[in-house]
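See structure below.
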Amino acid sequence: MENERKKRILSGIQPSGSFTLGNYIGAVRNWAKLQNEFESLYMVADLHALTVRQVPAELRARSREAAAMILAAGIDPKESILFLQSHVPAHTQLSWILCCNAQFGELSRMTQFKDKSAKHPDNVNGGLFTYPALMAADILVYNADLVPVGQDQTQHLELARTVANRFNNLYSLTFTLPEGYITKEGAKIMSLTDPSRKMSKSDPNPNSFILMNDDRDTIIRKCKRAVTDSDGAVRFDMAEKPGISNLMCIYNVFTKKSMEEIAQEFAGQGYSEFKLAVGETVADALSPIHSEYTRILADKTYIDEILRDGAEKASRLANRMLSKVYRKVGLYQL
Ligand code: ATP
Ligand code: LTN
């Protein structure tokens with residue numbers, strides 16, 4: 001049917017570092033799974049990355065690497081629209097309008113703002129504060145129905161809904177209220193060196209994360225060195241045994257074995273056997289992605305073509321929504 005449009009998905013990832021296993025499990029892996037069922041738009045959130053100081057040449061290189069990694073992880077440019085956030089100006093344009101409809105108190109409550117302000121006390125900039133309004137614009141400018149993200153983004157999504165709802169009430173129904181798509185398994189993969197914190201690509205300690213393009217030996221070494229407890233039993237208990245439980249979550253994602261099955265498999269064995277098994281499993285799963293990534297990254301023309309095409313398609317959709325919003329809020333049009 002003409003008017004029964006497929007539900008639409010939008011998600012993004014910052015090129016603030018190489019992608020971690022957390023990014024893959026919590027987000028990108030699901031993007032690939034969902035692209036056939038939904039009309040999907042995936043973007044590299046390069047403007048969001050500017051909320052933390054970046055080295056310009058590195059940001060430029062990482063943006064292309066990010067696109068290559070998304071493709072390597074299985075995003076098919078014939079099925080999904082892949083683009084860079086800065087290539088579709090309507091996002092930033094809408095974000096101003098949404099900023100004017102987001103309250104200071106609401107933005108102040110964002111835990112990511114509080115965490116990043118604490119991490120970079122010398123650069124608590126306006127962009128860091130209004131970050132969620134730009135993220136809301138990313139989503140609302142396409143009327144996305146579903147947003148596949150990790151658990152850490154639920155608060156930002158909730159804010160997008162609040163702002164959309166406020167706008168709809170003030171100016172008549174305009175925006176779809178987006179729902180989060182957060183899988184139970186792997187919604188929050190923890191740091192390998194401090195399992196009380198989430199694994200994060202901008203962590204200064206490289207042993208805290210596994211990168212999607214780490215080689216096999218590095219992956220196994222990082223798993224072996226992962227911080228665990230001294231109790232010696234492979235058993236799922238997030239509160240008492242966060243390190244082991246985190247490794248069990250990772251193992252569960254790739255083997256589909258339940259926590260009980262994993263505990264049974266390693267009953268009577270030491271942590272080193274378990275850690276080795278986790279390392280090998282992760283390395284096996286990432287190895288084809290790694291090869292594909294290397295192949296795609298070498299072809300700059302191919303990546304640029306996809307990004308150009310993606311930006312064009314996305315802009316067409318986004319500009320339509322932007323005009324509607326400009327009209328509704330009373331901006332004078334020629
Ligand atoms: P940064 O360290 O720069 O903040 P990040 O690693 O937190 O980066 P983002 O670009 O902010 O990554 O997030 C991209 C996607 O990956 C988001 O959907 C986010 O929820 C998800 N994600 C990030 N870290 C994890 C994690 N440890 N576990 C599960 N999902 C994650
Ligand atoms: N803030 C997100 C990245 C992001 C995003 C989005 C995710 C930017 N815009 C729109 C989903 C939808 C993060 O993961 N830190």
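Basis for what follows: all heavy atoms, side chains included, without hydrogens, waters or symmetry-related copies. Model, not experiment: these values are computed from the prediction. Indexing begins at 1, ligand by ligand and atom by atom, following the structure's order.
Each of the atoms 11 (C), 12 (C) of ligand 2 lies under 4.0 Å from some heavy atom of Val147. Shown in contact with Leu10 at under 4.0 Å from a heavy atom are these atoms of ligand 2, numbered in order with element: 10 (C), 12 (C). Annotation for ligand 1: atoms under 4.0 Å from non-hydrogen atoms of Gly186 are 29 (C). Each of the following atoms of ligand 2 lies closer than 4.0 Å to a heavy atom of Val149: 7 (C), 11 (C). The atoms of ligand 2 that sit less than 4.0 Å from any heavy atom of Ile139 are 10 (C), 12 (C). Ligand 1 places these atoms under 4.0 Å from at least one heavy atom of Ile13: 10 (O), 14 (C). For ligand 2, the atoms sitting less than 4.0 Å from at least one non-hydrogen atom of Met43 are 6 (C), 8 (C), 9 (N), numbered in the order shown with element in parentheses. Close approach of ligand 1 to Ala27 is summarised as follows: ligand atoms under 4.0 Å from at least one heavy atom of the residue are 15 (C), 16 (O), 18 (O). The atoms of ligand 1 that sit less than 4.0 Å from any heavy atom of Ala187 are 28 (N), 29 (C), 30 (N). The atoms of ligand 2 that sit less than 4.0 Å from any heavy atom of Ala45 are 8 (C).
Other residues, nucleotides and ligands contribute at most 12 non-hydrogen atoms within 6.0 Å of the NZ atom of Lys224. The number of heavy-atom neighbours closer than 6.0 Å to CD of Glu240, taken from other residues, nucleotides and ligands shown, is 12 or below.
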Any chance you could lay out the side chain to side chain contact (heavy atoms under 4.5 Å, CB included) test for Ile13 and Phe19, step after step, and finish with the verdict? CA-CA 9 Å; Ile13 183 161; Phe19 294 179; 3.5 Å; yes
For Phe113 and Phe129, run ring-ring contact (aromatic ring centres under 6.0 Å, His included): C-alpha distance rounded to whole Å, both residues' side-chain angles, the deciding distance at 0.1 Å, then the answer. CA-CA 6 Å; Phe113 171 68; Phe129 188 65; 5.0 Å; yes
Run Arg197 and Asp203 through salt bridge (Lys or Arg N to Asp or Glu O under 4.0 Å) and show every step you take. CA-CA 10 Å; Arg197 300 203 337 236; Asp203 195 310; 2.9 Å; yes
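When the heavy-atom distances from atom 2 (C) of ligand 2 to Gln112, Gln14, Gln153 are ranked, the shortest goes to Gln153. Evaluated by nearest non-hydrogen atom to atom 25 (C) of ligand 1, the leading choice among Ser202, Gly22, Ser18 is Gly22. Between atom 22 (N) of ligand 1 and the options Thr51, Val44, Leu157, Asn23, the minimum heavy-atom separation is to Asn23. Here the shortest heavy-atom distance to atom 4 (O) of ligand 1, taken over Gln151, Lys116, Gln153, belongs to Lys116.
Remark: Glu37 does not engage Lys7 in a salt bridge, criterion side-chain N to carboxylate O under 4.0 Å. Salt bridge absent: Lys6 and Glu39 never bring a charged side-chain N and a carboxylate O closer than 4.0 Å. For Glu65 and Arg62, the salt-bridge test fails: no basic side-chain N is under 4.0 Å from an acidic carboxylate O. Here Lys256 does not pair with Glu261 in a salt bridge; the nearest charged N to carboxylate O distance is not below 4.0 Å.
For atom 20 (O) of ligand 1, the nearest protein heavy atom (residue, atom name, distance) is Asp152 OD1, 2.5 Å. Scanning all protein heavy atoms for the shortest distance to atom 2 (O) of ligand 1 gives Ser200 OG, 2.4 Å. Atom 11 (O) of ligand 1 has its closest protein heavy atom at Gln14 NE2, 3.2 Å. At the shortest separation from atom 9 (N) of ligand 2 among protein heavy atoms lies Asp138 OD2, 2.7 Å. Of all protein heavy atoms, the one closest to atom 15 (N) of ligand 2 is Tyr131 OH, 2.9 Å. The shortest contact between atom 7 (O) of ligand 1 and any protein heavy atom is with Lys198 NZ, 2.3 Å. Remark: minimum distance from atom 8 (C) of ligand 2 to any protein heavy atom is reached at His48 ND1, 3.2 Å. Protein heavy atom nearest atom 3 (C) of ligand 2, with residue, atom name and distance: Gly12 O, 3.6 Å. For atom 28 (N) of ligand 1, the closest non-hydrogen atom of the protein is Ile189 N, 2.8 Å.
Geometrically, ligand 2 and His156 share no nitrogen or oxygen pair separated by less than 3.5 Å. For Asp152, no nitrogen or oxygen atom sits less than 3.5 Å from a nitrogen or oxygen atom of ligand 2, counting backbone and side chain alike.
Of all the heavy atoms of Ala49, none lies under 4.0 Å from any atom of ligand 1, so neither backbone nor side chain is involved. By the criterion of a heavy-atom distance under 4.0 Å, both the backbone and the side chain of Lys201 are placed next to ligand 1. With a 4.0 Å cut-off on non-hydrogen atoms, Ser16 touches ligand 1 through its side chain and not its backbone. The residue Gln85 has no part lying near ligand 2, judged by heavy-atom distances below 4.0 Å. Using a 4.0 Å cut-off between heavy atoms, Ser11 contacts ligand 2 through both its backbone and its side chain. Residue contacts with ligand 2 for Leu134 are absent, since no atom lies close enough (heavy atoms, distance under 4.0 Å).
Contact analysis leaves Ser11 out of contact with ligand 1, as no non-hydrogen atom separation drops below 4.0 angstrom. The closest approach between any non-hydrogen atom of Gly17 and ligand 1 is not below 4.0 Å.
Between the side chains of His91 and Asp138, a donor-acceptor pair is found at a separation under 3.5 Å. Residues Ser191 and Lys198 bring no donor and acceptor atom of their side chains to less than 3.5 Å of each other. Using modelled atom types, one finds no donor on one side chain facing an acceptor on the other under 3.5 Å when comparing Asp304 with Thr301. No hydrogens or angles considered: a donor-acceptor pair under 3.5 Å links the side chains of Lys201 and Ser16. A donor-acceptor contact under 3.5 angstrom links the side chains of Asn125 and Asn123, judged on distance only. Inspection of the Thr51 and Lys116 side chains reveals no N or O donor paired with an N or O acceptor under 3.5 Å.
The shortest distance between side-chain heavy atoms of Ile25 and Arg29 falls below 4.5 Å. Side-chain contact between Phe175 and Leu98: present, with at least one pair of heavy atoms (C-beta onward) separated by less than 4.5 Å. Residues Lys222 and Thr218 form a side-chain contact, since some pair of their non-hydrogen atoms from C-beta on lies under 4.5 Å apart.
Put simply, the residue from Val234, Ile244, Asn246 that forms a side chain to side chain contact (heavy atoms under 4.5 Å, CB included) with Thr228 is Ile244.
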